[in-house]
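Worksheet for the structure shown next.
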Amino acid sequence: MSASDLTTLANARQWLGLTSTNDDALLSRLITAASNYIQSWLNRSFASREYSETRDGAGGAKLPFTNYPVTAVASVTIDGQSIPLASGSQAPGYMFSATMLYLNGYSFARGRQNVNIAYTAGFAATPPEIEQACLELMAVRYKERDRIGQVSKSIGGETITFSQKDFPDPVRTILNNYKKDVPL
C-alpha cells in the first residue's frame with residue numbers, strides 16, 4: 001500500500017464482494033494506480049503534508065494557498081522580514097483560512113519571488129466521496145481486465161458494448177467537486 005492510496009485493500013475487497021485473498025497483489029496495484037490517476041487528474045494530493053513555497057508578492061493583503069485545505073502555517077517571510085502570527089483578528093501579523101493567507105498591518109510587497117511561506121495542507125483522512133470514487137474506478141479496472149481493448153462483444157445474437165471512458169460518469173461528477181484548476 002502506498003502512502004498516497006485513497007482507500008484500503010480491505011475496503012476494496014468489501015466493495016467487490018471478495019472473501020479470497022488471491023487477488024490482493026492485483027487489487028493493491030489497482031488501488032495505487034487509481035489513486036495516483038485521480039490525484040493527477042485533480043492536480044492535487046489529499047494526504048496531509050508540509051509545503052514550502054516561494055511566491056511573487058502582488059501588493060495586496062491576501063494570498064491564496066496553492067495547496068489546501070491548510071491546517072497550519074509555520075512561517076511567512078516577505079522580502080526577508082518574518083511576519084508574526086496575529087494574536088487577534090485586528091492585531092498585526094498573518095492569519096489564515098483553509099484556502100487563503102491574510103495579513104494585518106503588512107502587505108505582500110510587490111516583487112519577484114519575495115514571499116516565502118511554509119505550511120501544512122491536506123486531509124487527515126481521505127474524504128469519503130473521494131475514497132468511494134477510487135473504489136469505483138478500481139472496481140471498473142478490475143472487472144474489465146479480461147476485455148482490455150474490447151469495444152463490444154457478441155453473445156448469442158446480442159451485442160454488448162463496453163464503455164471506453166477514463167472515469168464512469170458518477171465518478172467524474174464526484175471528482176469535479178475537488179478539481180484544482182491550474183492557472184496558465
(message) I need the full list of side-chain hydrogen bond (donor to acceptor under 3.5 Å, both in side chains) pairs touching residues 115-139, with sequence neighbours left out, sorted by first then second residue.
(response) Thr7-Glu131, Asn11-Glu131, Glu53-Tyr119, Thr54-Asn116, Asn67-Tyr119, Glu129-Tyr178, Gln132-Glu136

(request) Using only heavy-atom distances, determine whether the side chains of Gln90 and Asn104 contain a donor-acceptor pair under 3.5 Å. (result) no

(message) Could you report the tightest heavy-atom contact between Pro84 and Tyr106, atom names first, then the distance?
(response) CD-OH, 3.6 Å

(message) With a 4.5 Å cut-off on side-chain heavy-atom distances among I, L, V, M, F, W and Y, is there a chain of contacts connecting Val115 to Val70?
(response) yes

(request) With rounding to the nearest 0.5 Å, note down the distance linking CG in Leu6 to CG in Leu137. (result) 10.0 Å

(request) With rounding to the nearest 0.5 Å, note down the distance linking CG in Leu42 to OH in Tyr37. (result) 10.5 Å

(message) If I take atom CZ from residue Arg55 and atom CG from residue Leu101, how far apart are they, to the nearest 0.5 angstrom?
(response) 9.0 Å

(request) Group every Ile, Leu, Val, Met, Phe, Trp and Tyr by side-chain heavy-atom contacts under 4.5 Å, then state whether Leu85 and Tyr102 land in the same group. (result) no

(request) For Asp23 and Leu16, run side-chain contact (heavy atoms from CB on, under 4.5 Å): C-alpha distance rounded to whole Å, both residues' side-chain angles, the deciding distance at 0.1 Å, then the answer. (result) CA-CA 11 Å; Asp23 286 342; Leu16 291 166; over 6 Å; no

(message) Tell me whether Arg110 is salt-bridged to Asp56, with the criterion being a basic N under 4.0 Å from an acidic carboxylate O.
(response) no

(request) To the nearest 0.5 angstrom, please state how far the CZ atom of Phe65 sits from the OH atom of Tyr51. (result) 12.5 Å

(request) May I ask you to decide if Met100's main-chain N or O and Ser97's side chain share a donor-acceptor pair within less than 3.5 Å? (result) yes

(message) Would a single hydrophobic cluster contain both Leu9 and Tyr142, if residues Ile, Leu, Val, Met, Phe, Trp and Tyr are joined by side-chain heavy-atom contacts under 4.5 Å?
(response) yes

(request) To the nearest 0.5 angstrom, please state how far the CZ atom of Arg141 sits from the CD1 atom of Ile31. (result) 14.5 Å

(request) Can you establish whether the number of heavy atoms outside Lys62 located under 6.0 Å from its atom NZ is more than 12? (result) no

(request) Please lay out, stage by stage, how Asn114 and Thr77 fare under the test side-chain contact (heavy atoms from CB on, under 4.5 Å). (result) CA-CA 8 Å; Asn114 64 327; Thr77 307; over 6 Å; no

(message) Between Thr32 and Ser28 (side chain of the first, backbone of the second, donor and acceptor by atom type, cut-off under 3.5 Å), is there such a pair?
(response) yes

(message) Restricting to non-hydrogen atoms, name the atom on Ile78 and the atom on Ala109 that form the minimum distance, rounded to 0.1 Å.
(response) CG2-N, 3.9 Å

(request) Could you state whether Tyr68 and Ile117 fall into the same hydrophobic cluster, counting links through intermediate Ile, Leu, Val, Met, Phe, Trp or Tyr residues with side-chain heavy atoms under 4.5 angstrom apart? (result) no

(request) Calculate, to the nearest 0.5 Å, the distance between atoms CD1 and CG belonging to Ile38 and Asp5 respectively. (result) 10.5 Å

(request) Report the residues that fulfil ring pair (Phe, Tyr, Trp, His ring centres under 6.0 Å) with Phe123, sequence neighbours left out, ordered by chain and then residue number. (result) Phe46

(message) For the backbone of Asn36 and the side chain of Ser40, can you confirm whether one donor and one acceptor N or O come within less than 3.5 Å of each other?
(response) no

(message) I need the single residue from Thr8, Asp24, Thr19 that forms a side-chain hydrogen bond (donor to acceptor under 3.5 Å, both in side chains) with Arg13. Which is it?
(response) Asp24

